[in-house]
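Down below is the structure, laid out as structure tokens.
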Amino acid sequence: MSKLVLGVSAFYHDSAAALVEDGTVVAAAQEERFTRRRHDPSFPGNAVRYCLAERGVDLTSVDRIAYYEDPLRKFGRVLATYAAVAPAGFPAFRSTAPQWLSWKLRMRRTVRQRLTALGVGAVPAIVTRHHHESHAASAFYPSPYPSAAVLCVDGVGEWTTTSIWHGTHDGLRLVAELRFPHSLGLLYSAFTYFCGFKVDSGEYKVMGLAPYGRPRYAGLIRDRLIDLKPDGSFRLDLRHFAFLRGEVMTGREFERLFDGPRRVPESPLTEREFDLAASLQLVTEEVMVRLARTARELTGERRLCMAGGVALNCVANGKIVESDLYDEVWVQPAAGDAGGALGAALAVAADDAAPRAHLATGTDGMSGALLGPAFSDDEIAAFLTERRIPHRRLDPGRLAAEVARQLADGTVVGWFQGRMEFGPRALGARSILGDPRRTDMQAAMNLKIKFRESFRPFAPSVLAEGAEDYFELRQSSPYMLVVSPVAAEQRVAADRAGATGLELLKLPRSTVPAVTHVDYSARVQTVDDTGNPAFRRLLTAFKELTGCPVLVNTSFNVRGEPIVNTPHDAYTCFMRTDLDLLAIGSFLLDKSEQPPWHEDGDWRSGIPMD
């Protein structure tokens, strides 16, 4: 009889649920996609309902519930931290203590109450796992490797901030760890805060800023903030941080070091922010490469798996791949806390000796991260017909050919196909697509469609068999989590004389300028012939038409909102932006044919009704 384990992560950020059957991932989704609240930390009731519905069961059929961290150990760290900085930490403790004492400490009871309230069957036994164990399990068990070194780096779990594990047929064994408050993730978040971005969501903006700056603060960071050892272990000089007091990340000591006060959010970016980002990124890469080297030395493995929020730093991941420390590197596509739900479920399944059946196929166990809801053509047709939305229905080949033709003509397309992605990356299921050969595409998509900062880079999706013609890849990159250099033959010499900061955006750098960063790199997604036939069909059609096997691929959302989930979400985003075309299932919607749209957010507005 098969065993089902439901994993849950909640109450910090990026809440999620995942369902695992005998070690095989059945479904996984983040709560934000259902509630439309980005990084939603609330209990993932909608995601739980979806996971159960995908398998066609209720909670009565589930063997166990796995919660992704240990609340008692976490509260011990919270108490110890506030005590260590008393009385300065008392205001923060006073504001958080009621939650801890009323429901957070009794997390199993809290989870049981929330699940019971869903009314989807009797709630089975609930177990808790350690935070970094959940990360490690999410990295190793779905990986395509029978054994591997496992590196997990984030802000903090209960106490652990960095951990090295050895994954084998016997399971996962903790090899080494670093503990709070010494945290690479918190160091990165401190600079995220200081540069005027939101902690736990704006770190990728700092990574995107880095190529525009000079690492002139790197020496200062090494000398004053982080004591980095050759093995990658480190200690932070806590005098320069404020996060122990629980209110802000940085204070006056940070300002004295880095030339003035924190940037005001939404104010213009200056050379200082570019240079801070470049400096922090360089130090982060040094730490990560050293940790990866130590993981290899401690385990003897030639393959590496990674998870934790810092594993979403695809530039650092690229440096590890380029280091030749490992033959292969695999990063969990939902590397952050959302992936903790999956890892907790997989850890429980591993305790029951669940097989890793995907190893026999030579692939990983994530199904291309396409683990979320899908909508049939019948469901999409019902949505479009009920609301009298103008559309055309095409067979798969004609749809791909028509979208490819319009992309080549410069249109920007919303692409909604199959199951939604699990994790932060759009991988060709809920994507916005464009022609990478156009010099104006990056700025146009950022400002007119995504409504976000012009410096933010876009990623290329490329047919796997054509990837080496455009990018210097050392391995496949199906989850868009590794940055690689653009191939030399595709580069265009740019005269950078006198150009600094965002002025560098105006300089063409390759034959695919819309996906080439100012440092001649790109965050690549390789698309092979498994997992996502509709997206591969489109890439193939675009190559046949233009000779280029690459498309701009960014997430189907606007700034501040989660990736779209439903046909309603997709149509709303389509109408609120300058998207030209929407390909949703077998249906094609042209913006010029749509009725007027009102910015009150009501999809009924402007749509003719009887």
Side-chain angles (χ1 to χ4, degrees), residues 1-9 16-28 48 51-52 54-70 108 111 121-152 157 160 163-175 177 295 298-307 328 330 332-334 339-367 369 371 422:
M1 183 176 179
S2 64
K3 288 189 175 182
L4 292 168
V5 182
L6 180 70
V8 172
S9 62
L19 187 65
V20 170
E21 182 173 12
D22 293 336
T24 297
V25 186
V26 173
V48 167
C51 289
L52 295 172
E54 182 67 31
R55 180 59 179 80
V57 298
D58 63 15
L59 285 172
T60 307
S61 301
V62 174
D63 184 63
R64 270 171 293 177
I65 308 294
Y67 189 68
Y68 81 126
E69 64 182 10
D70 184 332
R108 281 184 286 187
V111 171
V123 180
I126 300 170
V127 298
T128 59
R129 311 302 293 215
H130 293 168
H131 188 104
H132 265 242
E133 177 195 20
S134 294
H135 277 319
S138 78
F140 175 63
Y141 291 120
S143 79
Y145 314 139
S147 65
V150 182
L151 175 61
C152 302
T160 305
S163 59
I164 295 172
W165 305 71
H166 191 184
T168 67
H169 67 278
D170 292 325
L172 281 162
R173 177 176 63 87
L174 179 63
V175 175
E177 67 176 351
L298 293 177
T299 65
E301 294 287 348
R302 293 290 301 179
R303 295 180 177 89
L304 176 68
C305 303
M306 297 173 62
E328 296 177 88
W330 191 86
Q332 163 58 237
L342 175 60
L346 288 168
V348 170
D351 287 347
D352 293 331
R356 300 175 66 202
H358 65 274
L359 292 180
T361 68
T363 62
D364 67 45
M366 288 298 294
S367 301
L371 297 166
F422 180 52

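Side chains are part of it too, since the values below use all heavy atoms of this structure and drop only hydrogens, waters and symmetry mates.
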Find out whether Y141 and L342 are in side-chain contact, i.e. whether some heavy atom of one side chain is under 4.5 Å from a heavy atom of the other. no
Are F140 and R356 side-chain neighbours, meaning at least one heavy-atom pair lies under 4.5 Å? yes
Applying ring-ring contact (aromatic ring centres under 6.0 Å, His included), can you list everything that pairs with Y68, at least two apart in sequence or on another chain? H131
Nearest heavy-atom contact between D364 and S367 is OD1-N, 3.9 Å
Closest heavy-atom contact between A149 and A295? CB-O, 4.0 Å
Which of these passes side-chain contact (heavy atoms from CB on, under 4.5 Å) with I65: V127, V5, L59? L59
If you take all heavy atoms of S2 and R55, which pair is closest and at what distance? OG-NH2, 4.4 Å
Using atom types as modelled and distance alone, determine if a side-chain donor or acceptor of D63 lies under 3.5 Å from a backbone N or O of L4. no
Answer whether the closest heavy-atom distance between the side chains of L19 and E54 falls below 4.5 Å. no
Check T299 against V175 and note the closest heavy-atom contact, atom names and distance. CG2-CG2, 4.4 Å
Working note: D351 + R64, criterion salt bridge (charged side-chain N to carboxylate O under 4.0 Å, His left out); need CA distance, chi angles, decisive distance, verdict. CA-CA 12 Å; D351 287 347; R64 270 171 293 177; 5.6 Å; no
Where do L346 and P142 come nearest, in terms of heavy atoms and distance? CD1-CG, 3.6 Å
Shortest non-hydrogen contact from A345 toward A18: CB-O, 4.4 Å
Testing H166, R303, E301 one by one against S147 for a side chain to side chain donor-acceptor pair (under 3.5 Å), which residue passes? E301
Quick one: are M366 and L371 in side-chain contact, heavy atoms under 4.5 Å? yes
Is there a side-chain contact between C305 and W165 (heavy atoms, below 4.5 Å)? no
Between the side chain of D352 and the main-chain N/O of A354, is any donor-acceptor distance below 3.5 Å? no
More than 12 heavy atoms of other residues, nucleotides or ligands under 6.0 Å from CZ of R108: is that the case? no
Contact check, side chains of H130 and T160, non-hydrogen atoms, under 4.5 Å: no
4.5 Å side-chain heavy-atom contact, L174 and S163: yes
With rounding to the nearest 0.5 angstrom, report the CD to CD distance, E69 to E133. 12.0 Å
Contact check, side chains of E177 and H132, non-hydrogen atoms, under 4.5 Å: no
Could you give me the CA-CA distance, side-chain angles and deciding distance for V20 and V348, then say whether side-chain contact (heavy atoms from CB on, under 4.5 Å) is met? CA-CA 10 Å; V20 170; V348 170; over 6 Å; no
Can you tell me if S9 uses its side chain to pair, donor with acceptor, with the backbone of A16 under 3.5 Å? yes
Interatomic spacing from NZ in K3 to OG in S61 - rounded to 0.5 Å: 14.5 Å
Just jot down the side-chain hydrogen bond (donor to acceptor under 3.5 Å, both in side chains) partners of T363, sequence neighbours excluded, or say none. T361
